[in-house]
Every structure is written in C-alpha cells, then in structure tokens.
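Taking it in order: structure first as structure tokens, then the write-up.
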Amino acid sequence: MMDHDQVLELVPLHALDALDEVEAREVEAHVATCDVCSSELANHRAVASGLVADEAAPSGVWERIVGEIGEPASATVTNIDEARSSTKRRVTWLTSVAAIAALVFGVVAIVQTAAKNELTGPEGIVAAAEAAAQEPGAIVTEFTTESGTVGQVVLTADGDGYVIPSELEPLGADRTYQLWVITPDEVAISAGVLGNEPGPSRFTWTADVAGFALTREVAGGVVSSAGDVVSVANL
C-alpha cells in the first residue's frame, strides 16, 4: 500500500490518466481520505483541462517545447509504457511538458496556501493580500450573500491572486468550497479547491477576468462545477 509521499508523487500522473489500474485505485483510495492530496489532484486536473486548446496549436509549437526541455534519452512522446519504466523519470518528464505547455497556452497555474516572498501561513497570506490590494491596477471584490460578506478576492495586475474567506459555514468532510475565475466569454475555470473549512489561499491568473464565483462541490473539487453557487462577484 502506498504511503502519503508516494501518492503525492503520482497525483500529477493520475490527473493525466497516466497510471495503470492498480496504481489509480490506490491513489483514489488515499485521496478519498487525504485533504492535501485531494486538493492537489483537483488543482492538477484543473490545469490539465486547460491544456486542451480550442483550436490547433500554431505550427512548430511542439518543436519549440521539445527544444526548451530537451528530448528525453529514454522516453518518447508516443509510447507511454516506456515512460512508465521509472516513476521519478515519468513524473519529471510529464510535469515538465505540462509546465511548459501551460506557459504556451496561457493556462492558469494554481498555487494554494503556499509561501511567496517568504510569507507563510494564513497570517502571511492575509498580509500579502492587504499589500496587493494597494497596488496600481489591482482588482478587489467581495463575495456577498443575504447574510453579508463571506469573502474577499484580490488580484494584482501581475496575476497574483488571493482569496480571504470569512463567515463561511463549515461543510461536511465529503464537501468543499471551490473558487472559480469567470472569463469575459463567460467560462468558469477553477482557481483552487479551498477545503470544507477554508482559510486564506493564493492563486495565479494572468488572463482577462470578468468575475469570480464561489461554489460548494464534492470533496476534492471538480473541473466543471456541479454544485450550488454560494456567491458570484461580477466586475
């Protein structure tokens, strides 16, 4: 049976459906009981979903990607079985490709409750959000319900985002709050799984934005919202 660290290492591959049946079952079993791995899986799936372009990539894109990362000596693009010969090698290879492809297609990168500029923990995130709100061009908006304000979202011109929940009722272990970015063409893209008792979190969004939404979803989060809407903040 895999331990936590082993599962966490395989989460990026599971998000890409690149595990065999046995590994996938073990990962899913662990994810069902681990909030950290559930959140990571939802984040990787959100990024993976954005890697599907609406139209064909410009000529030469793949060649440029390979040129940036170098052709792997013992793995090929067309044969996933060869890539599976080493867990660490395949994680490095697929993660590198996904990271560069995300840059090529402008996909949102999700970073939750993480340190940046030596700021750590909830207090650090709140402090960073307060400073970000004062930056020129920053977007500051609130999630409100009939009972009042339940959260604030800050997004800087550089794409650094912060969500500061407040007065959100705790959910059961099988549910989670999830943050969404609403694009100008009215597409909702996941910006992070916040958990069933959310605290301050960070995310990154560098494209145009028309608003934000907060929903309740199944634990682990979803790529396409199927839950109930808590609040929508239109800009």
Side-chain angles (χ1 to χ4, degrees), residues 35-36 39-40 42-51 53-54 68 95 98-145 147-168 176-217 221 223 225 229-235:
D35 289 340
V36 172
S39 178
E40 284 297 311
N43 289 344
H44 281 288
R45 281 176 170 166
V47 173
S49 69
L51 294 176
D54 293 333
E68 290 291 335
T95 302
I100 294 175
L103 293 176
V104 172
F105 294 111
V107 179
V108 59
I110 308 301
V111 185
Q112 274 197 286
T113 57
K116 183 177 182 181
N117 297 330
E118 299 182 356
L119 291 172
T120 60
E123 296 81 3
I125 296 174
V126 171
E130 291 174 349
Q134 305 304 314
E135 294 184 13
I139 294 171
V140 181
T141 188
E142 293 182 336
F143 287 126
T144 59
T145 66
S147 60
T149 300
V150 295
Q152 182 185 62
V153 178
V154 178
L155 180 63
T156 70
D158 293 330
D160 295 323
Y162 305 85
V163 55
I164 312 298
S166 61
E167 306 300 327
L168 279 175
T176 185
Y177 287 100
Q178 190 160 349
L179 177 68
W180 304 84
V181 172
I182 303 173
T183 67
D185 53 355
E186 299 183 345
V187 175
I189 299 177
S190 175
V193 178
L194 307 180
N196 62 342
E197 295 185 37
S201 299
R202 296 183 56 249
F203 66 96
T204 299
W205 180 261
T206 56
D208 291 337
V209 56
F212 302 92
L214 183 65
T215 66
R216 299 184 187 92
E217 308 291 348
V223 173
S225 179
V229 177
V230 177
S231 181
V232 175
N234 293 311
L235 302 181

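Residue numbers count from 1 along this sequence.
Here the side chains of Y162 and D160 are in contact, with some heavy-atom distance below 4.5 Å. Residues F143 and L179 have side chains in contact (heavy-atom distance under 4.5 Å, counting atoms from C-beta outward). Here the side chains of L214 and L168 are in contact, with some heavy-atom distance below 4.5 Å. Residues W205 and I189 form a side-chain contact, since some pair of their non-hydrogen atoms from C-beta on lies under 4.5 Å apart.
With S231 contributing its side chain and V229 its backbone, the two residues share no donor-acceptor pair below 3.5 Å.
Listed by chain and number, the residues in a side-chain hydrogen bond (donor to acceptor under 3.5 Å, both in side chains) with T183 are D185 (sequence neighbours excluded). Residues satisfying the side-chain hydrogen bond (donor to acceptor under 3.5 Å, both in side chains) test with E217, not counting sequence neighbours, are T215, S225. The side-chain contact (heavy atoms from CB on, under 4.5 Å) search around A188 returns W180, not counting sequence neighbours.
To the nearest 0.5 Å, atom CG of residue L235 and atom CG of residue D208 are 11.0 Å apart. One distance of note links CD of E142 with CD1 of I164; it measures 12.0 Å at 0.5 Å rounding.
Scanning both residues, G221 and T176, for their nearest heavy atoms gives N-CG2, 3.8 Å.
Within 6.0 Å of the CD atom in E167, the count of heavy atoms belonging to other residues, nucleotides or ligands does not exceed 12.
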